[in-house]
S.K.: 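Got a structure for you, written out below as C-alpha cells; questions coming shortly.
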2 protein chains.
Amino acid sequence: MNIGDVSNRTGLPAKTIRYYEDINLIKPMRDDNGYRRFREQDVHKLSFLGRARALGFTIEDCRTLLALYEDETRASADVKRIARDHLTQIEAKIADLNSMRDTLGHLIDACAGDDRPDCPILHDLGGKS
Amino acid sequence: MNIGDVSNRTGLPAKTIRYYEDINLIKPMRDDNGYRRFREQDVHKLSFLGRARALGFTIEDCRTLLALYEDETRASADVKRIARDHLTQIEAKIADLNSMRDTLGHLIDACAGDDRPDCPILHDLGGKS
DNA sequence: CTTGACCTTCCCGTCACTGGAAGCCCCATG
DNA sequence: CATGGGGCTTCCAGTGACGGGAAGGTCAAG
C-alpha cells in the first residue's frame, strides 16, 4: 500500500504520515523505487495515532501510549496516569477559555456596535481605571 | 524608563516587549547608550496589549485593536466584529475540548488503573471494532 | 510518447514567544 | 582605579505539529 491509500484509509494527510516516520513513530518498508510500502500493521498504528491525536494527546504522549499498546506486559495504571494528566491539562484549558468567553461575552454585550467610537471593549483593554 | 521597569509594571517579560518592538507594535525611544527608553504612552500600550493577549486575541487582532483604540473616529462596530469573531473561535475550541474531556473522562473511569494490562483506553485508541 | 497523477526529498513558514551566547554599560565597593 | 555584578544590547536557534511549495523521479493509461 502506498502513502496515498494509507492517507485515504486513516484520514491522515500524507505530510503527517511522512512526519510520523521522520520522528520514528512508524517505520514503513520501502519499495525498490523508493516509495514507502505500508503494511496493515502500519495502518493500524497510524489509526491509533490519529485517534490519540484527536483526543489532544501530544506526540510524545502518543509515542508512550503506542509503546504501551504494543507492550503485552503493561500496567493499565501507566496508561491511566497519562490520560489523567492530559485530562487535567484539558480542564485547565477549558477553564481559561471559559473565563475568556465570559469576559469577552460581557464586553460584546455592552458594546453598541454602531458607527460611534465609544466602545466598552476598548475601554476595558485600555485599563479599568 | 528602562525595559526592566516596564517589565515590572506591565508584567510582560522583557523578551516579549522587545518582540513587540520587532514587529512594530510599539516604538520606544533610544538613549545615547542604545538602551530603550519607554514613555508612559508606551507602558500604556503594552498594558493594553497584555490585556488583549490575555483575552486570547492574536497578535494581528491586537495590532488592529490598538489602531482602533488610537483612532478617535473609529466605529465601535469594527471592534465588536473582531471581538465576536474571536469569541466564535473560543467557543469552537471550548466545544472541541469539552468533547475530548467527555470521551477521555469516560475512558478513564472505565480503566482499572492497576498492574494488569487490560485497558479500555488503549482498546478504544486501537479501534472500536 | 506524452500526459497527468503519484511519489520522493528538502527547505521554509506558521505563532508567539523563550533560551542562551557574546558583548557593552553603569554603579557601588574595596 | 580596578572589579564585580546586574542590566542592557543584538542575534541565532528552538518550540509543536505539521503545511506549502519547489524540483524532480515513477508509473499506468491513452
S.K.: Check this one for me: any side-chain N or O of B/Y20 less than 4.0 Å away from OP1 or OP2 of C/dC17?
M.R.: yes
S.K.: May I have the distance from A/E21 (atom CD) to D/dA17 (atom P), rounded to whole angstrom?
M.R.: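 Taking atom P of D/dA17 as the reference, CD of A/E21 is at 18 Å.
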S.K.: Kindly say if B/T16 contacts the phosphate of C/dT18, meaning a side-chain N or O under 4.0 Å from OP1 or OP2.
M.R.: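 Looking at the OP1 and OP2 atoms of C/dT18, one of them is under 4.0 Å from a side-chain N or O of B/T16.
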S.K.: Quickly work out the A/D22 CG to C/dC11 C1' distance and round it to whole Å.
M.R.: 12 Å
S.K.: Just to be sure I understand the rule, does A/I23 reach a base, reach only the sugar-phosphate, or reach nothing, if contact means heavy atoms closer than 4.0 Å?
M.R.: nothing
S.K.: Touch check for B/R30, heavy atoms < 4.0 angstrom, all strands: base, sugar-phosphate only, or nothing?
M.R.: sugar-phosphate
S.K.: Expressed in angstrom and rounded to an integer, what is the separation of B/I59 atom CD1 from C/dT18 atom P?
M.R.: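 Taking CD1 of B/I59 and P of C/dT18, I get 11 Å after rounding.
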S.K.: For the side chain of B/R18, starting at C-beta, report the closest nucleotide among C/dT8, D/dT10, C/dT18.
M.R.: D/dT10
S.K.: Whole-Å distance between D/dG16 P and A/F57 CZ?
M.R.: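 Taking CZ of A/F57 and P of D/dG16, I get 17 Å after rounding.
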S.K.: Less than 4.0 angstrom between a side-chain N/O of A/R53 and OP1 or OP2 of D/dC18, yes or no?
M.R.: yes
S.K.: Choose from C/dT18, D/dC8, C/dC7 the nucleotide whose nearest atom is closest to any side-chain atom of A/I3.
M.R.: C/dC7
S.K.: Would you mind telling me which residue lines up with the more 5' stretch of DNA chain D, B/D5 or B/K15, judged by nearest nucleotide?
M.R.: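 On the 5' side of the pair lies B/D5.
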S.K.: Under the 3.5 angstrom rule, does the side chain of A/D85 hit a backbone N or O of A/I82 as a donor-acceptor pair?
M.R.: no
S.K.: Would you tell me if any nitrogen or oxygen in the side chain of A/R36 comes within less than 4.0 Å of OP1 or OP2 on C/dC7?
M.R.: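 Answer no for this pair, as no side-chain N or O of A/R36 is under 4.0 Å from OP1 or OP2.
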S.K.: Got a donor-acceptor contact below 3.5 angstrom from the A/T103 side chain to the A/S99 backbone?
M.R.: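 Checking the backbone N and O of A/S99 against the side chain of A/T103, a donor-acceptor pair under 3.5 Å is found.
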S.K.: Nearest whole Å is fine: how far is D/dG16 P from A/L25 CG?
M.R.: 13 Å
S.K.: For the side chain of A/N2, counting heavy atoms from C-beta on, which of D/dT9, C/dC7, D/dA17 is nearest?
M.R.: C/dC7
S.K.: Please report the distance, rounded to the nearest Å, between CG in A/D31 and P in D/dA28.
M.R.: 11 Å
S.K.: When you check the phosphate oxygens OP1 and OP2 of D/dG25, does a side-chain N or O of A/N33 lie under 4.0 Å from one of them?
M.R.: no
S.K.: If you take atom types as modelled and just measure distance, does the side chain of A/Y19 reach the base of D/dG19 with a donor-acceptor pair under 3.5 Å?
M.R.: no
S.K.: Determine whether a donor-acceptor pair (N or O, by modelled atom type, separation under 3.5 Å) exists between the side chain of A/H86 and the backbone of A/D61.
M.R.: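 No; zero donor-acceptor contacts below 3.5 Å.
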S.K.: Whole Å only: how far is the CD atom of B/E60 from the P atom of C/dA16?
M.R.: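 Atom-to-atom, B/E60 to C/dA16, this comes out as 8 Å.
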S.K.: When you compare the side chain of B/R63 with that of B/I23, does any pair of heavy atoms fall below 4.5 Å?
M.R.: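 Of all side-chain heavy-atom pairs linking B/R63 with B/I23, at least one is under 4.5 Å.
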S.K.: Output the single nucleotide from C/dG20, C/dT8, D/dG7 whose closest atom is nearest the side chain of A/Y35.
M.R.: C/dT8
S.K.: Looking only at atom types and distance, does a side-chain atom of A/S7 sit under 3.5 Å from a main-chain N or O of A/I3, one as donor and one as acceptor?
M.R.: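 Not at all, since once roles are kept as given, no pair shorter than 3.5 Å links the two residues.
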S.K.: Please confirm whether the backbone N or O of A/Y35 pairs with a side-chain atom of A/N33, one donor and one acceptor, at under 3.5 Å?
M.R.: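 Pair found, side chain donor or acceptor close to backbone of A/Y35.
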S.K.: For the pair made of CG in B/L46 and P in C/dA16, what is the distance, rounded to whole Å?
M.R.: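 For the pair B/L46 CG and C/dA16 P, the rounded distance is 16 Å.
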